[in-house]
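Please read the structure below before turning to the comments.
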Amino acid sequence: MLVLIDDARIEEIENLYDKYPYDGVTTNPSILKAAGHSPIEQLKMIRRILPPTSQLHVQVVSDQTDRMIQEAQFLMDHIGENIYIKVPVTEPGLRAIPRLVQQGIKVTATAIYTAMQAFMAAKAGASYAAPYVNRLDNMGADGVRVAKTIHDIFRVQGLKAEVLAASFKNSQQILDLCQHGIGAVTAAPDVLRALTYHDATFMAEENFTNDFYMLVNSVAGTHLHP
Ligand code: E4P
């Protein structure tokens with residue numbers, strides 16, 4: 001399962017990549033707004049700091065098919081390599097997907113709230129479908145279940161598309177999807193940090209280190225400390 005960072009702030013991305021080799025970055029207009037810089041410059045900067053093998057997902061903002069395609073071409077020409085164009089699964093978006101794919105542009109269908117939206121986007125040629133897990137939970141639906149259903153539909157229908165599950169509030173949602181074989185997840189930095197942090201691990205390491213120094217000091221008569 002690929003694990004991507006759902007954030008556009010350079011410091012956060014660098015900080016996370018410093019600790020772990022993530023698989024890329026996803027953005028949307030709201031995430032770019034939070035970063036607070038010129039969107040295109042920010043996206044170029046993100047692309048520059050990412051390893052070439054890392055994906056960068058960038059969303060179009062137009063609500064008309066032709067303009068979505070123009071935007072996507074502009075982004076492909078200006079940002080760099082390994083770009084996925086995020087297209088909301090509106091009617092104009094679904095019309096844009098096969099035209100983008102014909103031009104060799106990789107598409108992530110986004111703003112997905114139902115399994116059939118994902119199925120139609122995958123049939124249209126999208127590489128990824130991004131269901132919004134936590135937003136679905138907040139609507140009284142079961143976001144994890146929707147994401148799993150989409151994954152199962154893709155496999156049983158022989159579609160090449162993968163789920164790129166998005167919008168998470170906690171690591172349990174990600175664990176459930178990991179266990180189910182989901183292709184990729186993207187989450188905010190705090191959720192990603194919670195995937196690995198555990199107080200007990202921290203305390204175990206501290207105890208081992210203290211024991212080691214107590215042993216060395218008692219054998220050598222020193223007063224060394226970590
Ligand atoms: C990803 O495609 C979405 O833009 C994003 O993950 C939504 O997350 P949120 O519900 O936390 O805003």
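Counting convention: from 1, in listed order, for ligands and their atoms alike.
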Under 3.5 Å: donor-acceptor pair, side chain of Gln42, backbone of Ala8:
yes
Closest to atom 2 (O) of ligand 1 among protein heavy atoms sits Lys86 NZ, 2.8 Å
| message | Is the distance between the ring centroids of Phe74 and His78 under 6.0 Å? | response | yes
Any donor-acceptor pair under 3.5 Å from Gln173 side chain to Val144 backbone | no
Residues Arg9 and Asn15: side-chain donor-acceptor under 3.5 angstrom:
no
Tell me whether the rings of Tyr84 and His57 are parallel (<30°), tilted (30 to 60°) or perpendicular (>60°).
parallel
The protein heavy atom nearest to atom 6 (O) of ligand 1 is Asp6 OD2, 2.4 Å
For Ala166, the ligand 1 atoms with a heavy-atom partner under 4.0 Å come out as 1 (C), 2 (O), 6 (O)
Note: ligand 1 atoms sitting under 4.0 Å from heavy atoms of Thr110 are 2 (O)
One should read off an interatomic distance between Thr149 OG1 and Asp142 CG, to the nearest 0.5 angstrom, of 8.5 Å
Margin query: Yes or no: does Thr26 have any heavy atom under 4.0 Å from an atom of ligand 1?
Written below: no
Output for pair (Asn138 CG, Arg135 CZ), nearest 0.5 Å, gives 9.5 Å
So for Phe168 against ligand 1, with non-hydrogen atoms under 4.0 Å, the contacting part is neither
closest protein heavy atom to atom 12 (O) of ligand 1 is Arg135 NH2, 2.8 Å
**Message:** Check contact between Asn134 and ligand 1, using heavy atoms of the residue and a distance below 4.0 angstrom.
**Reply:** no
Do ligand 1 and Thr186 have nitrogen or oxygen atoms that lie under 3.5 Å from each other? no
*Just distances here: any N/O of Ser167 and N/O of ligand 1 closer than 3.5 Å?*
yes
Rounded to the nearest 0.5 angstrom, the OG-CG distance for Ser167 and Leu136 is 8.0 Å
For atom 4 (O) of ligand 1, the closest protein heavy atom turns out to be Asn28 ND2, 2.5 Å
